[in-house]
Amino acid sequence: MDRNLAMEVVRVTEMAAIASARLMGRGNKNESDQVAVDAMRRAFDALNIDGTVVIGEGERDEAPMLYIGERVGRREPGAPEVDIALDPLEGTNLCAYGRPGSISVVAMSSHGGLLNAPDTYMEKLAVGPRAKGAIDLTKSPTENLRAIAERMKVYVEDLTVMTLDRERHADLIKEVRAAGARVRLIEDGDVAGAIATCFEGTGVDVLMGIGGAPEGVIAAAAIRATGGDMQGRLVPRNQGEIERAKKMGITDIHKIYSAEELAKGEVMFAATGVTTGDFLKGVRFFGGGCETHSVVMRSKTGTVRFIQSVHKFDKKPGYAL
Ligand SMILES: O=P(O)(O)OC[C@H]1O[C@](O)(COP(=O)(O)O)[C@@H](O)[C@@H]1O
């Protein structure tokens, strides 16, 4: 993958973020998501890649655009063949209700690099580079917090654990509190939550708990690029999801995946803030344009770039739609 591709991919997340941010706070999550999907699909047409969506908006029969298996990009001769995991609007409710932390996101790898995760749940444990190697999903949350604290040379009481505010996490939250760590509950958006552990300034040290499996693969791509660490284990909700996982080539449903197994080889990752979150500002509109804030990363070099862009709608009418 050409290194300049990483800089091109950010245009795709910028366009999707601008489109959904336009509808921020209107209380309609489907509408916010749909405009992001449309914009992202259009933006891919400008990229000279031969891309296959491996994690997208759903199966072909349920998602008309950016469905799993869809080929995207201009696909001109010499275009790199890439697998793509995307979420045009991660945290649809956050955007629809004007809450912090929604992002638009794309991860890319060479062919076969991204786990074809079924649309089920995944138990996730993610930390930043300072705690790399200290996590183990076979151990209890308390044991993990002690190992993470030791590796980071801090007290467990200094750690902040982010988790989705869900009923299913009642025991987890109780245990984390009993261990002495601080807890930050989020309403949605555990991709941004996992990535936040890799940026010191966010104050988030650990992401724990169960969220979407496709989101787990996207997060793993970013974790790989930033040098953090992550483990994930599928948590199917019913027999149908187990069957679906098998069809997608997953033989051991209980397997614990490392970040390297979720997103193998060279990966690129780009995200643009829709609403302001822990490490990205949201889209800000002004007369005739807007400003976006994005992050672009490559696992090969570990370079992390924050990109602040000013878009003028009279010169780029496509962005104004
Ligand atoms: O809402 P659930 O069923 O607990 O699922 C959790 C998943 O939903 C999200 O919070 C938001 O997903 P959407 O953007 O599809 O609404 C993810 O970040 C998370 O992985």
Side-chain angles (χ1 to χ4, degrees), residues 13 16-17 19-21 23-37 39-40 53 55-59 62-63 65-68 85-107 115 117-126 161-173 184-197 204 206-223 230-238 240-241 257 262-263 269 271-275 277-280 282:
T13 56
S20 48
L23 302 183
M24 185 197 83
R26 285 164 52 135
N28 188 337
K29 64 180 251 180
N30 294 334
E31 196 185 31
S32 317
D33 195 44
Q34 190 54 54
V35 292
V37 173
M40 185 173 273
V53 176
I55 288 187
E57 287 296 290
E59 295 299 317
E62 65 198 25
M65 261 189 275
L66 300 180
Y67 53 82
I68 297 167
L86 54 85
D87 197 343
L89 180 56
E90 151 67 357
T92 47
N93 266 321
L94 299 175
C95 174
Y97 294 99
R99 296 182 183 131
S102 55
I103 56 175
S104 173
V105 61
V106 169
L115 182 82
D119 191 10
T120 179
Y121 278 138
M122 179 183 279
E123 185 181 356
K124 307 168 195 179
L125 179 52
V161 178
M162 184 173 263
T163 191
L164 285 164
D165 189 4
R166 298 288 188 275
E167 196 48 49
R168 62 178 179 266
H169 291 155
D171 289 344
L172 169 68
I173 293 166
R184 245 188 82 186
L185 298 175
I186 49 170
E187 292 184 46
D188 275 299
D190 68 352
V191 174
I195 301 170
T197 64
V204 181
V206 190
L207 175 99
M208 277 184 175
I210 296 171
E215 286 89 342
V217 176
I218 296 174
I223 297 264
M230 177 173 168
Q231 290 188 353
R233 172 166 45 195
L234 295 177
V235 184
R237 286 164 286 196
N238 49 51
E241 289 190 350
Y257 291 93
L262 293 168
F269 176 93
T272 301
V274 178
T275 54
D278 286 305
F279 55 94
L280 288 175

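When a ligand or atom number is given, it counts from 1 through the structure's own listing order. Worth saying up front: this structure is predicted, and the values here are computed from it rather than measured.
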Could you check if a side-chain atom of Leu164 sits within less than 4.5 angstrom of a side-chain atom of His169, using non-hydrogen atoms only?
yes
Ile223 vs Leu262 side-chain heavy atoms within contact, under 4.5 Å
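With C-beta onward as the side chain, the pair stays apart.
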Chain-and-number sorted residues having a heavy-atom contact under 4.0 Å with ligand 1 are Leu89, Glu90, Gly91, Thr92, Tyr121, Lys124, Leu164, Arg166, Arg168, Asp188, Gly189, Asp190, Gly211, Gly212, Glu215
Salt bridge or not between Arg184 and Asp278? Use side-chain N to carboxylate O under 4.0 Å.
yes
List for me each residue that meets salt bridge (charged side-chain N to carboxylate O under 4.0 Å, His left out) alongside Asp87, sequence neighbours excluded, and say none if there are none.
none
Under 3.5 Å donor-acceptor, Thr197 side chain and Gly193 backbone:
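Flag not set: sc Thr197 to bb Gly193 has no pair under 3.5 Å.
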Quick check against the 3.5 Å criterion: does Thr275 have a side-chain atom that pairs as donor or acceptor with the backbone of Gly101?
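Pair found, side chain donor or acceptor close to backbone of Gly101.
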